[in-house]
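Because the structure is a prediction, the values reported are computed rather than measured. Just so it is clear, the values below take in all heavy atoms, side chains as well, and ignore hydrogens, waters and symmetry mates. Throughout, a chain's letter reflects where its sequence line sits, starting with A, and its residues are numbered from 1.
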Amino acid sequence: MTQPFVHPYIPNSDPAVRAEMLAAVGASSVEEFYADVPPELRVQGSLDLPPALVAEQDLERHLTSLLDRNRSTRERLSFLGAGTYNHHVPAVVDEVISRSEFLTAYAGEPYEDHGRFQALFEYESLMAELLNMDVVTVPTYDGFQASGTALSMAHRITGRGRVLVASDVTPDQLSKVTDYVRTSLELVPVATVDGTADVAAVRAALDDDVAAVWVQTPSFTGALEPALPALADAAHAAGALLVVTTDPIMLGAVAAPADAGADIVCGDIQSLGVHQWFGGGHGGFLAVHDDPRLVMELPSRLFGLASTDVPGEYGFGDVAYERTSFALREEGKEWVGTAAALWGIAAAVYLSLMGPRGMAELGETVLARTAYAAARLGRLPGVAVTDTAVHFRELLLDVAGTGRTAAELRDAARARDIEPGVVVGEHRLLVCVTEVTAQDDIDRLVTTLAEILQESAA
Amino acid sequence: MTQPFVHPYIPNSDPAVRAEMLAAVGASSVEEFYADVPPELRVQGSLDLPPALVAEQDLERHLTSLLDRNRSTRERLSFLGAGTYNHHVPAVVDEVISRSEFLTAYAGEPYEDHGRFQALFEYESLMAELLNMDVVTVPTYDGFQASGTALSMAHRITGRGRVLVASDVTPDQLSKVTDYVRTSLELVPVATVDGTADVAAVRAALDDDVAAVWVQTPSFTGALEPALPALADAAHAAGALLVVTTDPIMLGAVAAPADAGADIVCGDIQSLGVHQWFGGGHGGFLAVHDDPRLVMELPSRLFGLASTDVPGEYGFGDVAYERTSFALREEGKEWVGTAAALWGIAAAVYLSLMGPRGMAELGETVLARTAYAAARLGRLPGVAVTDTAVHFRELLLDVAGTGRTAAELRDAARARDIEPGVVVGEHRLLVCVTEVTAQDDIDRLVTTLAEILQESAA
Amino acid sequence: WDEPIVFELSAPGERGVLVPAVEPGVRAEVGDVVADLPATLRRPERPALPEIAQMRVVRHFLRLSQENLGADLNVDVGQGTCTMKYAPKVNERIVTTPRLADLHPLQAEDTVQGVLEIIWQTERAMAEISGMHRVSLATQGGSAAIWANIAMIRAYHEANGEGDQRDEVITTIFSHPSNAAAAKVAGYKVVTIHPDADGYPDIEALRAALSERTAAIMVTNPEDTGIYNPRIREWVELAHSVGALASYDQANANGILGITRARDAGFDVCHFNLHKTFGTPHGSGGPGAGANGVSEKLAPFLPGPVVERDGDRYFLDGDRPRSIGKVAPFYGVVPNIVRAYSWIRALGAEGLRAVAEVAVLNNNYLMKRILDIPGASAPYAQGRRRVEQVRYSWQELFEETGISSEEIGVRASDYGMHYWTSHHPYVVPQPFTLEPTESYSRAELDEYADVLAQVAKEARTDPELVRTAPHHQTVHHTHHDDLDDPDRWATSWRAYLRKYPHAAQNRAAGAERAAAEAAVR
Amino acid sequence: WDEPIVFELSAPGERGVLVPAVEPGVRAEVGDVVADLPATLRRPERPALPEIAQMRVVRHFLRLSQENLGADLNVDVGQGTCTMKYAPKVNERIVTTPRLADLHPLQAEDTVQGVLEIIWQTERAMAEISGMHRVSLATQGGSAAIWANIAMIRAYHEANGEGDQRDEVITTIFSHPSNAAAAKVAGYKVVTIHPDADGYPDIEALRAALSERTAAIMVTNPEDTGIYNPRIREWVELAHSVGALASYDQANANGILGITRARDAGFDVCHFNLHKTFGTPHGSGGPGAGANGVSEKLAPFLPGPVVERDGDRYFLDGDRPRSIGKVAPFYGVVPNIVRAYSWIRALGAEGLRAVAEVAVLNNNYLMKRILDIPGASAPYAQGRRRVEQVRYSWQELFEETGISSEEIGVRASDYGMHYWTSHHPYVVPQPFTLEPTESYSRAELDEYADVLAQVAKEARTDPELVRTAPHHQTVHHTHHDDLDDPDRWATSWRAYLRKYPHAAQNRAAGAERAAAEAAVR
């Protein structure tokens, strides 16, 4: 031991204890354990790191002083979305996922970790009801990864090499997916019309090298795709799959894509009880029907219910574990690792609390407020909503008519402690409202923008 | 049922369920259950209360907006004490006491609430080590109550009618205790000299109607009483008890009152891992030696360790339950009710974390910083420390020499976002430092007061 | 877990949390303060606390927590009179903000306007719910609130020159024992009224007890039997007729929220338990919080500073010469006041009434289920409904089987349910007291009743099984008689080691035996 | 608890949480938006989620939590390769502030300076710890970081015009399977090197495998056996000699913090798992977080926006044309980045080294205890020390008793301990992998070893006892073969009800039987 460093996180750091343990194993010093590390690779001296804050109070004061330089969406009115959403997180969700038993567990076996298996099975089951699909995996990293995998699955199933991108997909998602699948798939955009899919164009582009038609609904602009049944029919007629990326939060009010014929449904679960976390609270879901052709292509873990030696008792375990890279290394389906199980438990608690009525009401409230925001904002001078589709949660404004750029308007609003939306082009502003955005909040945005426009006009 | 009110906190509020339950008990309506409430006592119509915020997000937003109008001692530098102290609360303490199992339990029996009994037994045991006394009860409400009970015990044991108050006792505590014991005891102040007890005067005042000499150390001004052994001897010689009110946080460095001969030691445990809570985080402790004459006068619950049918296994239960008003109503010792058990568990966790070294180091750090504050503040022009006693955590400044009142100086400091201390007289300011008050913080107070004095001089 | 006592985890040298050392600049100014302490103040040796690394402390107390049954974990209807109800999680999230937890009570008032407004609003809500003129939230629990009640009554009579004359307080046997005990501490002789033949408080006995010596009647209503005294107004009027005051213990208010109010029955003082009626968590036995309501004539005697409003500004008024003074540090159990406010706001007037009605519905539903169990009965007021709880009796079962109520309660804990019998004295023989509140669903009430029915059956078919319970608990049948003998009680670990020097060895032997037993199927 | 599936708790009409209704003003403006939805968008019936009041939801998930063994609750040394260490509670308190949890990633930069500084500082610390030039924290876990490694390698070779030529990746069998699997997904042929006779990665096999087709070697070191490859620098140099890159999976870095660094061995890219090495909690299987470190020549290919500093101001730079683009939404698993920063600051350079040294000491101490158990062995590198973990074998015990490693692990769970065997394929026969980290005290390591010794003894004396385990778990021996048959697997409650229509009745019958059994002593 170079020198004693006693710390609350390191039990056996007392010099006397270390000496006894060394004696027990017959070593003269810790150096012996590093015999295989060649001297020329050994760090000389100490790493150059900031000084330790060993007293908890000093550590907390330091971190808190840094974090207090942030201002949260509770302190400033926010209309930001574009992939991370400010939905209400019920307190019970945080209570459950902060339980040490869930927070600090990892990869225990079904016997000692029965609770984790059951909670994640329930997550799968609750999502299955929302999605009307029998198979939902344990969460993968995020919606981007889920979409990438869904398209890869389509490739493996069809053996084909192209994907028709029928929606306005979130650009960052497109970036990830493109790089992820590019060894096997080319993504071919089919331009949307008035915010949603151009069914005729998709139909025209379908051929026997198309693995999947890919729809994102709500799209990047919040538009809901009304033509899913037609797209499914067209894809299926061409031997392709329909892959739909969606946000399950809307499915209490909006039809499940599976009912329109989607083969693989995927997306993000951040909306279901996970805080925004500066964009660091994402988890992905993948859902298919109970069809082995599809199930056996899922790379993620999938928990299932099984009988035990006690009649009527529920046991749990991995479904078709031999699919995974854990079992088969590179011969498994893609790869699997530590992803986002805790957010799956969060979503399970969330959906248990919300129930059928809660989800239906939430869907209605968000639809209504989105329409309200569109109506009110669209009446501002020089401002127009870019399309006439039905929108959920987000809408895109064209502010070219105001004579000011979207960034200018945003900066003026920020100066009034409002984040009015995400700038997605010189004159385009993506505005997001959720169930936490009250009518008063929307009215305040409208009033503020009206003032800004008036001032700039003056 | 007057009308359906479905709420997450009320499971059986669904009208259909209520109807089934009514049918099961053979009642036509809930009104039947209130048959014994005379019509003239029935509330007509609805109570006049603010509207319900049934959506959790609305409730949280309302409460949070109110609480955000407060500014905490993390945001403004605070030298406030006078009974409630800003000590560091380790995160593990909050983790444990926020566990549902502890937070929402109440009065279960030793079998199903084994953990609560053990945790509180451990609280008693850890406190016992700090206090060097074998018997410490489950917490009572707060230090005020503990002191009142300690003196009442002295009355019951001695049958005498007066208490000599040998210290500068916290005024609010004196208020509570005086009213609490006045049926049986008269409190007779014996003026302190230079901040601590006037032993000769106490000795002179002792007679055969004195039930107890009462010492508070640290006193209201933070002075430590060095003459406890002499006071104990004097009291015992006169057949009186020595009752000491103290703060256990200092006992890692400062001698336990029991070692000086104290018969009953009591005080508050807020310092041991409980937040300030705007003064709402107090718990009281009562400690005596393992002497039935004293133990049988304790009104609080007292948990003890007992054997079970399994050799070596620890069981727990109430020690001498028949003392209490739960058992004997008015024939019990005073009365007992729901007090502050959770803070006892907090203190148990706190002391387990701190250990002997942590408590010793904390004691030293606070003693040193108190002395430092006294030295630096005492050198400000016109400012004097009021006595030469050894102080722990608090000290009293006389600012008469500055030509300004204590309130004026305080208000000027508040304008600079510092709470410089508690005004306790026209020219007196009670200043508190703890282990969270770093040297830099004290220096900032000194500098700020110097600036204020300079400005007022100019 | 067979989790050791925390002292047994000590490993010399380990640290659980570190505190900042004395800064060099401080040391340069003040020297070695510990060495400089006078001998009478210097601690000769460090306290014999255990030395444990942080994760092991976490593990220890988390394991202990798992050996505990919080209301969140079980169907906690068996703690009758305790009003075990849901303490909403959102309130925990709300109160744990530093902007409440880290406020000092003597901060500038302009930095605590939010919490002062909450206290003020909560006082107003409690006044409306009770009908009283003014409310103080200064007390720390139900019994503390009872103390404040009698302290105010005492001060009132003294202020009227009747302090010496009025030296008796009247209560009922089914009122919480602290009413009797606190009155005694305040210097009063206590007169206890027993129920009449129908189980209602005996009004004739009251009449006989009242005199010009009576300072107050102090009663709970509904009583701990769940029976509402239909002549409560007469009781109050009789008290008033001899110049006594009437004090109302509203610990059992959960079933009458929005149904009937203390002041409407004429009471002069009353109190609520925030942790019973208003959804604050019980904290393993506190902190609770009390709310004392008083009529206009008692208002000057309320304790502590009170919160006043001036326009939009809230401030503390401590300049009240007739006040009984401080009853506790500062302004009461603030986190619980905030929780109670949040609970009231979540429900509103309509919700409070729904709480009461569902609590009463649940109670009468459960009563039906319990009374269907052979051997169980609900003495008094036969055939009448109850309000929010029932004191039952296993007397029939006991006579038949010799199994006591206490033994049935212990056995029930093997099924994850439990109850407590009731406060002493056992006026009702072989008592048990159930109070389902509004928080439990019908399915859970059924589950609870099924367990009691099962245990009652066992008492008949296999009484030894019940008598030797618990069988499925962390700990086994415990020798509680140790704890009533001064020579044997072990009040702390140090006392245990002193009285049982061979204990450690026994413990080690027991652990080995337990391991050996675990190996058996 | 025998806690039902959440759907079984449904009671029609109950609500767990309420959401705000559409305001009248909004409705006046927009009408009935749901009724106005086109038929293809309107959900015909509500989703069949359960209806449960809030407290019952709390109780359900709290009970499930108690049926789970978090690292805080058990001596979690049996999840070898997983680095189960203490996740400090103070970090939980720090990260749960709304000023982190409720930040949107696209807020004005001046409102997120604190979190940007933490990300920047953490990147710098990781760069120092690894010796690499630049670090990205954008990935969401270890395997995601491996993906980013290979994605950058692929982009690098393509940028150099060697994208088509280099189509092979070399890894070792004791490197994490995701190295092989991610390379495959990126389009590479995977070559796997097995150990040499001494258990070290076979350098001759590497020489034979390397060619101008090699894009990279991707290796873990120390490997999952706990053996450090002493010739690691040669490996890297050999790779470089054919124009390949060297990628370092540092999942097992806990034992070498401050001892040796990736860049010093010549690696071009590497990654850490924040949830393994840097004390972030494992979250029942994520979120984790990854840190990708690269040399100067790989820096342009790093994913996502990176945080840059300009004086005191921190900002995001997303304008990086050679970047592999986004690998995840926004900037990585931010709460874990903050936890990792806090962990590093709590310990400092000296503390990190102490972590490594104690982890290695603990591991070698435990190895001594395990190898003292008859029937246990540590294949490979006989007589050599290990770094932070050991892959052991029960092969001798299996040959003697027929009890497999898996059966021993299940039986150990009856004693509150557990382990997992290891990743497939079982190169080591009857494997089990223990990694004690720095977090467990000597007493706990002894306790763990004692349990394994006890179970090994049972395997000899009462093999049936071991084979039929578990005996003391929430759940009994489970028929996992159901889960590999598409006709029988039940992937969700709805699938279960569909495939097992009589299940509900069976369940009810089972519950009755269980109650009857509980009645037996």
(request) Of all the heavy-atom pairs spanning D/Ala346 and A/His7, show the shortest one and how long it is. (result) O-NE2, 3.1 Å

(message) Under 4.5 Å from any heavy atom of chain D, what part of A/Glu419 do you find: side chain, backbone, both or neither?
(response) side chain

(message) Is a donor from one side chain sitting under 3.5 angstrom from an acceptor on the other, for D/His476 and A/Glu313?
(response) yes

(request) Of all the heavy-atom pairs spanning D/Leu49 and A/Leu130, show the shortest one and how long it is. (result) CD1-CD1, 4.3 Å

(request) Identify the two heavy atoms, one from A/Phe278 and one from D/Val115, that lie closest to each other, and give their separation to 0.1 Å. (result) CE2-CG1, 3.7 Å

(request) Using atom types as modelled and distance alone, determine if a side-chain donor or acceptor of D/Thr491 lies under 3.5 Å from a backbone N or O of A/Asp134. (result) yes

(request) Give the minimum heavy-atom separation between D/Glu128 and A/Asp48, together with the two atoms involved. (result) OE2-N, 2.7 Å

(request) Please report the closest heavy-atom contact between A/Asp290 and D/Arg498, naming both atoms and the distance. (result) OD2-NH2, 3.1 Å

(message) Less than 4.0 angstrom from a charged side-chain N to a carboxylate O is my criterion; do A/Glu40 and D/Arg233 meet it?
(response) no

(message) Rounded at 0.5 Å granularity, tell me how far CZ in A/Arg69 sits from CD in D/Glu117.
(response) 4.5 Å

(request) Just say parallel, tilted or perpendicular for the rings of D/Trp147 and A/Trp335, cut-offs at 30° and 60°. (result) parallel

(request) Indicate the ring-plane relationship of A/Tyr314 and D/Trp493, choosing parallel, tilted or perpendicular according to the 30° and 60° boundaries. (result) perpendicular

(request) Search all heavy atoms of D/Val475 against all heavy atoms of A/Gly315 and return the closest pair with its distance. (result) CG2-CA, 3.9 Å

